[in-house]
Student: 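Encoded as structure tokens, here's the structure I'll be asking about.
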Protein chains: 2
Amino acid sequence: MSVNIKDVARIAGVGISTVSRVINNTGIVSKATRDKVLSVVEQYNYVPNNNARNLKATQSRNIALMVKGITNPFFSNMIKEIERQVDLRGYPFMIYHVEDGTNEINAAIQLVQEKNLCGIIFMGGTYDHSEEKFRRLNIPCVLTTITAQEVDPSIFSSVIIDDLKEAYKATKYLISLGHTAIAFMAKSPFLNETTGNRRFLGYIKALEESSIPYDPQLVEDCEYSASSGFSATRRLLNKGRGVTALFAAADTIAIGAAKAVLTAGLSIPDDISIIGFDGIEMAEYYHPSLDTISQPANEIALSSVSLLFDLITGQSVNQHIVFDAVLIKRGSCKNPGMKRVF
Amino acid sequence: MSVNIKDVARIAGVGISTVSRVINNTGIVSKATRDKVLSVVEQYNYVPNNNARNLKATQSRNIALMVKGITNPFFSNMIKEIERQVDLRGYPFMIYHVEDGTNEINAAIQLVQEKNLCGIIFMGGTYDHSEEKFRRLNIPCVLTTITAQEVDPSIFSSVIIDDLKEAYKATKYLISLGHTAIAFMAKSPFLNETTGNRRFLGYIKALEESSIPYDPQLVEDCEYSASSGFSATRRLLNKGRGVTALFAAADTIAIGAAKAVLTAGLSIPDDISIIGFDGIEMAEYYHPSLDTISQPANEIALSSVSLLFDLITGQSVNQHIVFDAVLIKRGSCKNPGMKRVF
DNA sequence: TCATGTTAAGGAAACGTTTCCACAAAAAGC
DNA sequence: GCTTTTTGTGGAAACGTTTCCTTAACATGA
């Protein structure tokens, strides 16, 4: 059994409130008393009980990150950075993972009431039609990598990229190289307001702008994983529609797609060009290295945390920050139908 | 402000303890009263405050996972499965990430006192010479993927593979193919009691058994990431020691190594054989697919959680479970110096 | 009828904090 | 030398639960 504040007070021969004042650096305490208390704290290894603290405190200091899709390497890096940033500010931080299929914002509401949070960051998931739920949350909340478009923007913050614009950029790049049979792969491309859908809309917009007819047969719905990208690409190739380029809405998908292409005996980029999305390390170290739309993961993480703290301390009102992603060319895309000359 | 148990009691016209009995399903409550309380709970969306609960409760129900190295994809999958398993049992679950460089068990001690945990799972990190700290933890604790060898085994549990044995297996496989200049890459191979060290010892054992002299120049210390594996392999190749096979103590490293080999214009496996460790998805979808020692991640996760619950409920004493890993051959290893005939 | 047991429900203490309030002693202002 | 302020400290209420203890009503068995 560990010591509590009462024990410390008794041992140090002071009142409970004095101990509290010392460990919280509040109020006035004489140097002598402070030193006495601190030495007892040190000696008996006293750590304040957070449950009691949070229970009493009007406002807690607990910050949570709610993530859906923890297996996506793009997310793990952001998680790490967010953790670091929150830690730097000395706030208790915990990560919660919600399973695919469960509603993340319902889970968050429960969490806020249970754990007395003072701020929450969301990563992954979908949040439209959640206006009432956001209001119920009633604490500062920042959405990263996704936004809720049909929700009153003054009740939440977001730090994102413009998925539609960036997907448009990727597709436009393929078109500029001369491709017209461009496949698209994402999770739930037809489900309104998902990330996959926004990227799909960017893809469509680029096609339309260049008067390339949209062929639904070239769009595959798949999970954000290599295995899923692999099977989606096999299905696609089997359709025999003469695809010359693949735009995968995630690097994990792109890697599975590349494997399917290479396994089929085709060459990248001579037979098929591939571009991914996110900018994970593996896309760079794949062979061939894969072109991608690289998100500024670190900036997003940094900005999310600093925005959240500004909201918590009342130094800012809700806002929506949009970062630019960068098209990184590594050679997995080229003109169609022209074998590379060595 | 959300409703509390007192509000519910008042609105339902019953006592506080009755509400508590209803929501916890303890003691005797008449059907009529129960229904009345539940309808109020439903209507006012009452969620018990966990801080108060934990504060009062002799034994909490909080379970934490402490992970070091969240960016390793091998870990993310295990995290997901552990989360699922704990959730299934209805216990609150939180994930904590400790940064490289911080002591995970010190962080855990603080956490246990702060959050009133009833059980903890460790993933990654090192735990030797922590006997006193384990005792201080004083709650059931399960180490996954790593064990503390110099600590009294009765004060903690572990669910692991035998790193030395499996690394021996990998090295032996390369030797059996005819390789003698076998490089080894891991994180901290010379730092006692790390995972990297155990795998290094397995590598050494296999070499010794086959009377292959150990060449320290063939061992590279690197992080568990593709970029780190890439630069380590460049260093290695630049030494010009005629390496024909590479054993990377992690698939992430193996992928970086493969890229370095391919970038140097060499072929896998014709010029250099590569075998990794862990069994992550990316190793399979790399091109060429990489051989690996595949850990039974799911079984480890399942077994860790079920063991932890047995410990919490007193149905078991501390034990140490060792799973077997599997050598998966995908073609990235072959005899040295014999170009493949097509 | 009376003792006993069972079912149902409420009151109140306790968990470990923070914080408001009270109070004493010392310092300061006149 | 008196009031007023400042400094330093302790007591106790409150946070929202759980749980032990008590009480009350009612049924049971002799």
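A, B, ... follow the sequence lines: proteins, then strands. Residue 1 opens every chain.
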Student: Can you check the B/N51 CG to C/dT18 C1' distance for me, whole Å?
Tutor: 14 Å

Student: Compare the minimum distances between each of C/dA9, D/dA13, D/dT18 and the side chain of B/V29, then state the nucleotide with the smallest one.
Tutor: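 Closest nucleotide to the B/V29 side chain: C/dA9.
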
Student: Rounded to whole Å, how long is the line connecting atom CG of A/N49 with atom C1' of C/dG16?
Tutor: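 One finds 6 Å between C1' of C/dG16 and CG of A/N49, rounded.
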
Student: Would you check if there is a donor-acceptor pair between the side chains of A/N318 and A/S157 at a distance under 3.5 Å?
Tutor: yes

Student: Could you state the CD1-P distance from A/I28 to D/dG10, rounded to the nearest angstrom?
Tutor: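 Spelled out: CD1 on A/I28 to P on D/dG10 is 14 Å.
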
Student: Can you name the nearest heavy-atom pair linking A/A297 to A/M78, along with the distance?
Tutor: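 Here A/A297 and A/M78 meet closest at O-SD, 3.6 Å.
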
Student: Under 4.0 Å between any heavy atoms, over every strand shown, what does A/T26 touch: base, sugar-phosphate, or nothing? Just pick one.
Tutor: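 Nothing: the residue A/T26, judged by heavy atoms under 4.0 Å, touches no strand.
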
Student: Taking only residues at least two apart or on different chains, which pairs with a member in residues 88-126 of chain A satisfy ring-ring contact (aromatic ring centres under 6.0 Å, His included)?
Tutor: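 For residues 88-126 of chain A, and leaving out neighbouring residues, the ring-ring contact (aromatic ring centres under 6.0 Å, His included) pairs sorted by first residue read A/Y91-A/F309, A/F122-A/Y127.
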
Student: D/dT17 P sits how many Å from B/R53 CZ, rounded?
Tutor: 8 Å

Student: Which of residues 16-24 of chain B sit near DNA chain C, with a heavy atom under 4.0 Å from it?
Tutor: B/S17, B/T18, B/R21

Student: C/dG16, OP1 or OP2 - any side-chain N/O from A/N4 closer than 4.0 Å?
Tutor: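 Checking A/N4 against C/dG16: at least one side-chain N or O falls below 4.0 Å of OP1 or OP2.
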
Student: Would you mind reading off the distance between A/K6 atom NZ and C/dT18 atom C1', rounded to a whole angstrom?
Tutor: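 So the two atoms are 14 Å apart, to the nearest Å.
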
Student: What's the CZ-P distance between B/R10 and C/dG11, to the nearest Å?
Tutor: 14 Å

Student: Take atom CD in B/E42; do more than 12 heavy atoms of anything else shown fall under 6.0 Å from it?
Tutor: no

Student: I need the CZ-P distance between A/R34 and D/dT7, as an integer number of Å.
Tutor: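 A/R34 atom CZ is separated from D/dT7 atom P by 14 Å.
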
Student: For A/I146 versus A/E193, what's the shortest heavy-atom pair and its separation?
Tutor: CD1-O, 4.4 Å

Student: Would you say the side chain of A/N72 lies within less than 4.5 Å of the side chain of B/S76, judging by non-hydrogen atoms?
Tutor: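 Of all side-chain heavy-atom pairs linking A/N72 with B/S76, none is under 4.5 Å.
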
Student: Output yes when B/D7 and B/R10 qualify as a salt bridge under the 4.0 Å nitrogen-oxygen rule, no when they do not.
Tutor: yes

Student: The helix from C/dT1-D/dA30 to C/dC30-D/dG1: angle between its terminal axes, five pairs each, to 10°?
Tutor: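 One end axis against the other gives 40°.
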
Student: Checking A/H129 now: which residues fulfil ring pair (Phe, Tyr, Trp, His ring centres under 6.0 Å) with it, not counting sequence neighbours?
Tutor: none

Student: Does B/S30 have a side-chain nitrogen or oxygen under 4.0 Å from the phosphate oxygens OP1 or OP2 of C/dT7?
Tutor: no

Student: Run the salt bridge (Lys or Arg N to Asp or Glu O under 4.0 Å) test against B/E131 and tell me which residues pass, sequence neighbours left out.
Tutor: B/R135

Student: For D/dT9, does either OP1 or OP2 sit under 4.0 Å from a side-chain N or O belonging to A/T33?
Tutor: yes

Student: Any sub-3.5 Å donor-acceptor pair from A/D128's side-chain atoms to A/Q149's backbone N or O?
Tutor: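 Yes, the answer is positive, given that a donor and an acceptor are paired below the 3.5 Å cut-off.
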
Student: Measure CD1/A/I5 against P/C/dT18 and give the value in whole Å, please.
Tutor: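 Value for this atom pair: 5 Å.
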
Student: Could you report the tightest heavy-atom contact between B/V98 and B/A107, atom names first, then the distance?
Tutor: CG1-CB, 3.9 Å

Student: Around atom NZ of B/K133, are there more than 12 heavy atoms of other residues, nucleotides or ligands at under 6.0 Å?
Tutor: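 Result for NZ/B/K133: enclosed.
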
Student: In residues 35-43 of chain B, which ones come under 4.0 Å of DNA chain C, going by heavy atoms?
Tutor: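 Within this stretch, nothing sits under 4.0 Å of the strand.
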
